[in-house]
Number of protein chains: 2
Amino acid sequence: MVTAADRAKGPARASVWLGGKATRTRRTDQPAGLDLDKITAATVRLLDSEGLAKFSMRRLAAELGVTAMSVYWYVDTKDDLLELALDAVMGELVLPGTVDGAETGTGTETETGTGTETGTETEPDGTETGPDGTEGGTEAGADWRIQLRRLAAGYRSVLVRHPWVSPLVGVFLNIGPHALKFAAVSQEVMRSADLPLRGQTGGLAAVFQFVYGFGTVEGHFRDRCARAGMTQDEYHQHAMGGMSEQPSLRRTFEQAQDLMAARGGDTVEEMRERDFDFALDLLIAGIEAKRGA
Amino acid sequence: MVTAADRAKGPARASVWLGGKATRTRRTDQPAGLDLDKITAATVRLLDSEGLAKFSMRRLAAELGVTAMSVYWYVDTKDDLLELALDAVMGELVLPGTVDGAETGTGTETETGTGTETGTETEPDGTETGPDGTEGGTEAGADWRIQLRRLAAGYRSVLVRHPWVSPLVGVFLNIGPHALKFAAVSQEVMRSADLPLRGQTGGLAAVFQFVYGFGTVEGHFRDRCARAGMTQDEYHQHAMGGMSEQPSLRRTFEQAQDLMAARGGDTVEEMRERDFDFALDLLIAGIEAKRGA
DNA sequence: ACCTGAACACCGTTCAAGT
DNA sequence: ACCTGAACACCGTTCAAGT
């Protein structure tokens with residue numbers, strides 16, 4: 001069902017960020033106090049509080065005290081708005097070697113120029129500087145392990161704070177300015193880990209796709225518990241109970257109990273922390289093993 | 001907005017699989033040829049061909065040649081149906097040490113009993129059997145590295161063949177019988193890799209959350225290209241072009257080009273294959289490094 | 001036991017019109 | 001330049017009714 005209008009636009013513009021012309025000229029003299037930043041911020045707020053499923057243009061308009069269709073002056077489509085919201089929260093990440101990164105508002109500004117040299121100016125051949133390798137104490141010179149952990153933790157916490165992010169990352173391209181900046185810094189950090197060149201993109205995938213997966217289930221689980229009015233531990237019990245009824249899985253279930261005991265941690269939250277830490281250690285050990293391979 | 005009916009049900013049943021009573025008694029004498037398996041199969045077919053966004057109960061009913069509401073006799077809610085579809089495609093995975101696993105139909109059958117000893121009966125202490133370690137040539141005794149690769153490849157291909165799966169995994173609990181079986185086998189394989197007990201759940205997370213993340217973006221990218229009527233390579237060009245216009249990312253962009261050159265591979269598909277393989281090697285190297293830690 | 005039809009309270013988006 | 005209102009073609013789900 002492709003309309004004539006669709007066809008005129010070409011192959012249905014891949015992303016807000018690939019539209020050309022930037023999203024819309026920001027005017028300074030507005031009658032009603034409504035602009036793209038405010039709309040994006042309200043979108044994030046609504047998505048956080050109500051979830052992706054309940055979010056609608058009409059709900060958003062109501063929140064903004066405006067008619068449903070006003071938003072469409074600033075944004076072509078609901079999907080575009082979601083892409084803007086996605087990149088806005090990617091901006092919450094504080095990136096090493098960058099000053100900005102805390103403001104939620106996105107918009108047309110693409111923060112060109114200032115602070116663009118992404119730090120990590122280690123010597124090209126990356127001579128080892130020891131386990132904590134702070135090498136003079138500057139943020140920029142920190143060991144790649146530390147930086148990688150920081151990036152991973154930051155990305156994870158974005159996914160957990162905003163559970164609606166992960167389905168959007170799955171659906172959109174995630175190539176807004178903040179996401180690209182994040183990718184750029186990650187690339188730089190991975191470079192200083194001295195994997196063979198041909199393995200660097202794979203290494204990046206290993207680490208950040210892991211974090212994405214982990215943060216996705218974590219974020220959604222928290223969200224789901226909150227909405228069901230249970231604690232995470234109650235919910236965990238509930239799901240475990242249902243599982244243990246399957247007689248074919250009895251042996252597996254008992255083993256799983258053993259593993260949980262061995263891992264330790266009294267709460268779901270603690271257990272997850274240990275898994276995340278161990279997994280990241282494992283990934284870093286893997287990177288170390290593949291250096292010069 | 002919680003209705004009285006909602007409250008009566010308790011905390012809004014967490015999953016189809018936790019309903020108690022199983023989904024619905026299957027009768028053999030049906031007037032119209034409509035049962036849960038057929039409905040689930042049709043759902044999978046529609047999701048594959050039209051995508052998650054376009055899938056609707058009304059569309060499905062039309063496909064089944066039936067009125068919109070008929071489906072509601074078999075299923076409580078659209079979400080329940082999606083959970084059934086999710087577990088149905090998890091059943092496409094061929095698991096080592098298992099004969100079944102190819103049929104798409106799900107239903108009330110939980111395949112108890114038969115073939116439940118999930119193979120991998122290695123000696124408790126897992127004495128090394130060499131790099132390919134087939135130890136007698138039985139499927140069950142294959143080296144954990146091979147088994148892990150197989151599981152990862154299988155999960156990845158489910159995610160790629162059915163791009164609607166990954167948002168559902170993010171949203172639902174994914175604790176249907178097939179998913180649990182998959183988890184059980186994965187646990188068993190990881191056990192034979194001899195990570196310290198406390199690290200086994202973390203190790204599982206590292207591997208399978210990576211695969212989830214990787215398969216998610218891969219699957220959606222393919223889907224998106226297909227729907228836009230472009231090849232993956234064309235689309236890749238397109239996105240890269242948009243990115244390279246950002247002057248603040250010029251340096252990063254050039255580096256990325258270098259990395260791509262070093263990785264090699266002429267098509268997007270080839271490049272992805274190399275990344276996946278390298279990342280999996282890296283994870284396996286990480287597991288090896290953490291053994292006895 | 002199984003299926004229908006009408007109805008309710010929603011959607012995203014278009015389009016013509018207002019200021 | 002910005003915002004509105006009515007309308008179109010959809011949703012998921014409830015409920016009373018048919019066979």
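The shown structure was predicted, so the numbers you read here are calculated from the model rather than taken from an experiment. Chain naming here is simple, since letters A, B, ... match the order of the sequence lines and numbering starts at 1 in each.
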(request) If the plane angle is over 60° it's perpendicular, under 30° parallel, otherwise tilted; pick one for B/Phe210 and B/Phe214. (result) tilted
(request) Starting at atom CG of A/Leu36, determine the distance to atom P of D/dC2, rounded to an integer number of angstrom. (result) 12 Å
(message) Measuring only between side-chain heavy atoms, which start at C-beta, is A/Leu82 closer than 4.5 Å to A/Trp164?
(response) no
(request) Using only side-chain N and O atoms of A/Tyr72, determine if any of them is under 4.0 Å from OP1 or OP2 of D/dC2. (result) no
(message) Side chains of B/Leu84 and B/Thr43, heavy atoms from C-beta outward: is any pair under 4.5 Å?
(response) no
(request) Look at the side chain of B/Asp233 and the backbone N and O of B/Thr267, then say whether any donor-acceptor pair between them is shorter than 3.5 Å. (result) no
(message) Is there a side-chain contact between A/Ser15 and A/Phe172 in this structure, where contact means two heavy atoms from C-beta onward sitting under 4.5 Å apart?
(response) no
(request) To the nearest Å, give me how far apart CG (B/Leu60) and C1' (D/dT13) are. (result) 15 Å
(request) May I ask you to test the B/Arg224-B/Met230 pair for a side-chain heavy-atom distance under 4.5 Å? (result) no
(message) Nearest to the B/Trp73 side chain among C/dC3, D/dC3, D/dT4, which nucleotide is it?
(response) C/dC3
(message) What residues from residues 164-176 of chain A pass a heavy-atom cutoff of under 4.0 Å to DNA chain D?
(response) none
(message) Whether the side chain of B/Tyr212 engages the backbone of B/Ser166 through a donor-acceptor N/O pair (distance < 3.5 Å, no angle test) should be reported.
(response) yes
(message) Can a donor-acceptor pair be found, under 3.5 Å and without considering hydrogens, that links the side chain of B/Gln232 to the backbone of B/Val268?
(response) no
(request) Send over the distance from A/Tyr74 OH to C/dT13 C1', rounded to a whole Å. (result) 18 Å
(message) When you compare the side chain of B/Val75 with that of B/Ile39, does any pair of heavy atoms fall below 4.5 Å?
(response) no
At a cut-off of 3.5 Å, list every protein nitrogen or oxygen paired with a nitrogen or oxygen from nucleotides 6-11 of chain D, distance to 0.1 Å.
| from | atom 1 | to | atom 2 | distance (Å) |
| --- | --- | --- | --- | --- |
| D/dC11 | OP1 | B/Ser56 | OG | 3.2 |

(request) Any chance you could lay out the side chain to side chain contact (heavy atoms under 4.5 Å, CB included) test for B/Glu50 and B/Glu63, step after step, and finish with the verdict? (result) CA-CA 12 Å; B/Glu50 311 253 26; B/Glu63 190 78 5; over 6 Å; no
(message) Counting runs of three or more consecutive pairs, Watson-Crick or G-U wobble, with each distance below 3.5 Å, where are the stems of DNA chain C?
(response) C:4-8 with D:12-16, C:12-16 with D:4-8
(request) In sequence, state the C-alpha distance, the side-chain angles, and the governing distance for B/Tyr74 and B/Leu81, and then conclude on side chain to side chain contact (heavy atoms under 4.5 Å, CB included). (result) CA-CA 9 Å; B/Tyr74 296 90; B/Leu81 186 53; over 6 Å; no
(request) Please check the phosphate of C/dG12 (OP1 and OP2 only) for any side-chain N or O of A/Thr77 closer than 4.0 Å. (result) no
